[in-house]
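Reviewing the structure listed below.
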There are 4 protein chains.
Amino acid sequence: MIEFRVDTGSGVPPYRQLVHQVEHALRLGRLRVGDRLPTVKDVAKRLVINPNTVLKAYRELEHKGLVKGRPGQGTFVERGLTGLPADKQAELRAGLERWLAEAYRAGMDSDGIAALVATVLHDFKS
Amino acid sequence: MIEFRVDTGSGVPPYRQLVHQVEHALRLGRLRVGDRLPTVKDVAKRLVINPNTVLKAYRELEHKGLVKGRPGQGTFVERGLTGLPADKQAELRAGLERWLAEAYRAGMDSDGIAALVATVLHDFKS
Amino acid sequence: MIEFRVDTGSGVPPYRQLVHQVEHALRLGRLRVGDRLPTVKDVAKRLVINPNTVLKAYRELEHKGLVKGRPGQGTFVERGLTGLPADKQAELRAGLERWLAEAYRAGMDSDGIAALVATVLHDFKS
Amino acid sequence: MIEFRVDTGSGVPPYRQLVHQVEHALRLGRLRVGDRLPTVKDVAKRLVINPNTVLKAYRELEHKGLVKGRPGQGTFVERGLTGLPADKQAELRAGLERWLAEAYRAGMDSDGIAALVATVLHDFKS
DNA sequence: GTGGTCTAGACCACA
DNA sequence: GTGGTCTAGACCACC
């Protein structure tokens, strides 16, 4: 089952972080159609946030057609997001991890890495 | 001169995006001490946002001691952020770009890449 | 500008009633692209409901791509819903009103009318 | 025997939909004193809802004095709801059906029709 | 117990 | 002032 986390310092609203994490998990194949998300109350308790905040995230996912809440039962994945096959992804992931390790060895801190990644990603997109 | 951008769909408040971009540029050496930032008016016009939003970002940067507004002249970089030497950075950047190109070739779209990068970065930090 | 109403006895959640009313207004041509909806606070005050309830309705409409909230400015119609030309609609409406008047004259109360309309509509759909 | 239906997308609680349908059927003369309603189990199975939901609807009807459960035998209509004489109703119904057919011919879809009916009904009441 | 709705009120980002 | 987020807590519908 997916494990959520919230980073309060990022400026991104917590409910959107949850949405992103589900989308990422779907894309990476960590969540599949039919899987059950943790209950609203569990997530709220674990992350020490308000149940309504979790509900808001689940609602947004429902609006996107990705999950479906079933009263009395829980919230379930309704539709997946196409991604690469698992082996291809693992390969890419390994490559990225190698690069990350190299950057760390070179003396870059995580802020610097984030900055570099952000600009390279942006330049690449445009 | 630095070129700002805002991504309204990300959930990050626009003024924080501007702050981040300046910090990133400082860290990557794209902005140096003495450089002038674009005027509040210009930025507001180009990004179609309210001048107050830009002003808020500049004030936050000034508060951090990174820039300094000189009335009637503009806003100038006051202090840099330590980063790696330029050649080291260029090397790392090239490596990252190679990885990105590979991911694209493998058929990943930019959302998928963002998802993968986000999770790998997170897993690495913890 | 559209005038909302809520019928607390119907069992339909108030926020959904608001959503329906905007959709109907779009379909009937009473609201057009670019029109501004009344502010969240105004609606809440007029209907004596909580602003969050109104906000929820507006959010749902935004999810459907029908309206777009612009912080500091208001909420605006983003996309219309195709309907018949106004004259055709007016004609149909007149016909329906004639029928309604006849039903009333025949001694039917509004509950009876609602029951009849509901079953006929349903039978027609299937 | 009455055939129930539930529209999960309407926002009206399923148990209320069942109650309404019985009341409508009584008003229209489709259900008469002494008629038997389908069993809770059957309804639950056909509509794929929880038996408790059906039970709740039947209890509400019993509470209103419209039906009466006879243990081991089923649930029976106890009291009718006054409506117009059958011929009058048939006449009105035919008129409404003519209007509906006309609206369809004019190119209106069922959502559009529902919107028009809703607003006209409302305007008429006020 | 599970999701869903509503209220009340605080605080933030934006114009 | 306008939309948007979050909290706290109550109540409902459903399983």
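Per chain, numbering begins at 1; letters A, B, ... match sequence-line order.
No option in A:Lys56, A:His63, A:Lys64 other than A:Lys64 meets the side-chain contact (heavy atoms from CB on, under 4.5 Å) test with A:Val19.
The residue among A:Val12 and D:Asn52 whose nearest nucleotide of DNA chain F is located toward the 5' end is A:Val12. Two residues, C:Thr75 and D:Thr53, neighbour DNA chain F, and the one matched to the more 5' nucleotide by heavy-atom proximity is C:Thr75. Both C:Pro13 and B:Arg16 lie close to DNA chain E; mapped to their nearest nucleotides by heavy-atom distance, the more 5′-ward contact belongs to C:Pro13. Residue whose closest nucleotide on DNA chain E sits further toward the 5' end, between C:Val48 and A:Gly69: A:Gly69.
For the pair C:Gln73 CD and E:dA13 C1', the interatomic distance rounds to 13 Å; values are reported in whole Å. Per the geometry, CZ belonging to C:Arg70 stands 17 Å off C1' belonging to E:dA13, to the nearest Å. To the nearest angstrom, P of E:dC12 lies 9 Å from NZ of B:Lys56.
Residue contacts shown for A:Tyr15 are limited to sugar-phosphate atoms, with no base heavy atom under 4.0 Å away.
No side-chain donor-acceptor contact under 3.5 Å links C:Glu78 to the backbone of C:Glu62. The closest donor-acceptor contact from the side chain of C:His122 to the backbone of C:Ala118 lies at 3.5 Å or more, if one exists at all. Using modelled atom types, one side-chain atom of A:Gln21 and one backbone atom of A:Arg5 make a donor-acceptor pair closer than 3.5 Å. At distances below 3.5 Å, at least one donor-acceptor pair connects side-chain atoms of D:Arg36 with backbone N or O atoms of D:Gln73.
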Quiz item: Checking side chain to side chain contact (heavy atoms under 4.5 Å, CB included) for the pair D:Asp109/C:Arg27: CA distance, chi angles, key distance, verdict?
Solution: CA-CA 11 Å; D:Asp109 60 357; C:Arg27 223 178 280 277; 4.1 Å; yes
Quiz prompt | A:Phe4 vs A:Val22, side chain to side chain contact (heavy atoms under 4.5 Å, CB included): CA-CA, chis, key distance, verdict | solution = CA-CA 9 Å; A:Phe4 290 114; A:Val22 170; 3.6 Å; yes
Quiz item: Taking it one step at a time, do D:Val77 and D:Leu66 satisfy side chain to side chain contact (heavy atoms under 4.5 Å, CB included)?
Solution: CA-CA 6 Å; D:Val77 174; D:Leu66 296 175; over 6 Å; no
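Running 5' to 3' along DNA chain F, contacts with non-hydrogen atoms of chain C at under 4.0 Å begin and end at F:dG1 to F:dC6.
With salt bridges taken as basic N to acidic carboxylate O contacts below 4.0 Å, none links C:Asp35 and C:Lys68. Ion pairing of C:Arg59 with A:Glu60 is present here, as a side-chain N (NZ or NE/NH1/NH2) and a carboxylate O approach within less than 4.0 Å.
Helical stems of DNA chain E (runs of at least 3 Watson-Crick or G-U pairs, donor-acceptor distances under 3.5 Å) are listed by first residue: E:1-14 with F:1-14.
A pairwise comparison of heavy atoms in C:Val40 and C:Pro51 identifies CG1-O, 3.4 Å as the closest pair.
For the contact set between residues 36-47 of chain C and DNA chain F, defined by any heavy atom under 4.0 Å, the members are C:Thr39, C:Val40, C:Lys41.
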